[in-house]
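Sequential numbering from 1 along the given sequence is applied to the chain's residues.
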Amino acid sequence: MSSPYYLKGSPLNVRLNSVIGWLARHGFSFAGTAEMSVRGRKSGQMQRIPVNPHTYEGGQYLVSARGHSQWVRNMRAAGGGELRVGRKVREFTAVELPDAEKLPILRTYLEKWGWEVNQYFQGVTAKSSDEEIIAAATDHPVFRITVKK
């Protein structure tokens with residue numbers, strides 16, 4: 001049995017992520033990026049990572065371009081977290097989508113964010129066939145998020 005897909009970030013990616021997260025935390029968002037905080041499943045401490053919240057047909061989603069990462073595992077355990085841009089903090093709950101529901105979200109996510117994330121999708125792009133995107137869906141967890149009022 002093979003382990004779930006996960007592409008670890010290079011040292012440059014890690015550094016860029018920390019800069020993007022710092023900027024979001026201080027009120028600067030590029031194309032809609034935000035800093036997400038989710039409680040660590042082992043440490044109990046809030047873990048922070050920059051994310052690209054994605055809107056599709058009125059719903060909001062978080063897609064893990066790198067696969068079954070630590071934040072994904074923490075989200076499965078915590079069931080929610082916070083999104084921050086500057087002083088604006090939005091608490092949310094999260095429900096993971098089954099692979100069968102991911103196609104339109106992944107396609108539109110790749111249309112918007114492909115310039116940044118295509119490298120993590122192993123050749124799959126917004127222009128790929130439905131079958132290719134569906135085949136990649138298993139490697140890329142997607143969470144529907146609901147912001148608490």
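Closest of all the heavy-atom pairs between Trp71 and Val38 is O-CG1, 4.3 Å. When all heavy atoms of Met75 and Ala94 are compared, the pair lying nearest together is SD-CB, 3.6 Å. Between Val72 and Gly67, the closest heavy-atom pair is CG2-O, 3.6 Å. For the residue pair Val85 and Ser29, the shortest heavy atom distance occurs at CG1-CB, 4.0 Å. The two atoms that bring Leu23 and Phe30 nearest to each other are CD1-CE1, 3.2 Å, heavy atoms only. Of all heavy-atom pairs spanning Ala77 and Arg41, the tightest one is CB-CB, 3.7 Å.
Hydrophobic clustering, with ILVMFWY side chains joined whenever heavy atoms are under 4.5 angstrom apart, keeps Val117 apart from Phe143. Criterion: ILVMFWY side-chain heavy atoms under 4.5 Å apart, direct or through other members. Under it, Phe28 and Val19 are part of a common hydrophobic cluster. Grouping the Ile, Leu, Val, Met, Phe, Trp and Tyr side chains by contacts below 4.5 angstrom, directly or via other members, places Leu110 with Tyr120. Under a hydrophobic-cluster definition in which Ile, Leu, Val, Met, Phe, Trp and Tyr are linked whenever side-chain heavy atoms come within less than 4.5 Å, directly or via other members, Ile134 and Val124 are assigned to the same cluster. Residue Tyr56 is grouped with residue Leu97 when hydrophobic side chains (ILVMFWY) are merged at heavy-atom distances under 4.5 angstrom, including chains of intermediate members.
To the nearest 0.5 Å, atom CZ of residue Phe92 and atom CD of residue Gln60 are 9.5 Å apart. Rounding to the nearest 0.5 Å gives a distance of 9.5 Å between CZ of Arg84 and NE2 of His26. Here the straight-line distance linking atom NZ of Lys8 with atom OG of Ser10 works out to 10.5 Å at 0.5 Å rounding. Interatomic distance, Met46 CE to Asn74 CG, rounded to the nearest 0.5 Å: 10.0 Å. Between atom OG of residue Ser69 and atom CG of residue Leu7 there is a gap of 11.0 Å, rounded to the nearest 0.5 Å. Atom-to-atom distance recorded for Leu83:CG and Thr33:OG1 is 11.0 Å, nearest 0.5 angstrom.
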Worked verdict on His140 versus Tyr109 for ring pair (Phe, Tyr, Trp, His ring centres under 6.0 Å):
CA-CA 11 Å; His140 301 282; Tyr109 179 81; 8.9 Å; no
Please test Asp99 against Thr138 for side chain to side chain donor-acceptor pair (under 3.5 Å), starting from the C-alpha separation and ending with a verdict.
CA-CA 6 Å; Asp99 292 345; Thr138 257; 2.6 Å; yes
Could you walk me through whether His54 and Val142 pass the side-chain contact (heavy atoms from CB on, under 4.5 Å) test, one step at a time?
CA-CA 10 Å; His54 180 62; Val142 175; over 6 Å; no
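A heavy-atom distance below 4.5 Å is found between the side chains of Ile105 and Val63. Residues Arg90 and Lys148 form no side-chain contact, since every pair of their non-hydrogen atoms from C-beta on lies 4.5 Å or further apart. Under the 4.5 Å side-chain criterion, counting only non-hydrogen atoms from C-beta, Val147 is not in contact with Glu91. With a 4.5 Å cut-off on side-chain heavy atoms, Gln70 and Ile49 do not count as touching. Using a 4.5 Å heavy-atom cutoff, the side chains of Phe121 and Leu106 are in contact. Residues Lys127 and Glu132 fail the side-chain proximity criterion, which asks for heavy atoms closer than 4.5 Å. Between Glu35 and Pro50 the shortest side-chain heavy-atom distance does not fall below 4.5 Å.
For CZ of Arg15, the number of neighbouring non-hydrogen atoms (other residues, nucleotides, ligands) closer than 6.0 Å is 12 at most.
A side-chain donor-acceptor contact under 3.5 Å links Arg107 to the backbone of Ser128.
Between Glu101 and Arg144 a salt bridge is recorded (basic side-chain N to carboxylate O distance below 4.0 Å). Salt bridge Glu96/Arg76: present, at least one basic N to carboxylate O contact under 4.0 Å.
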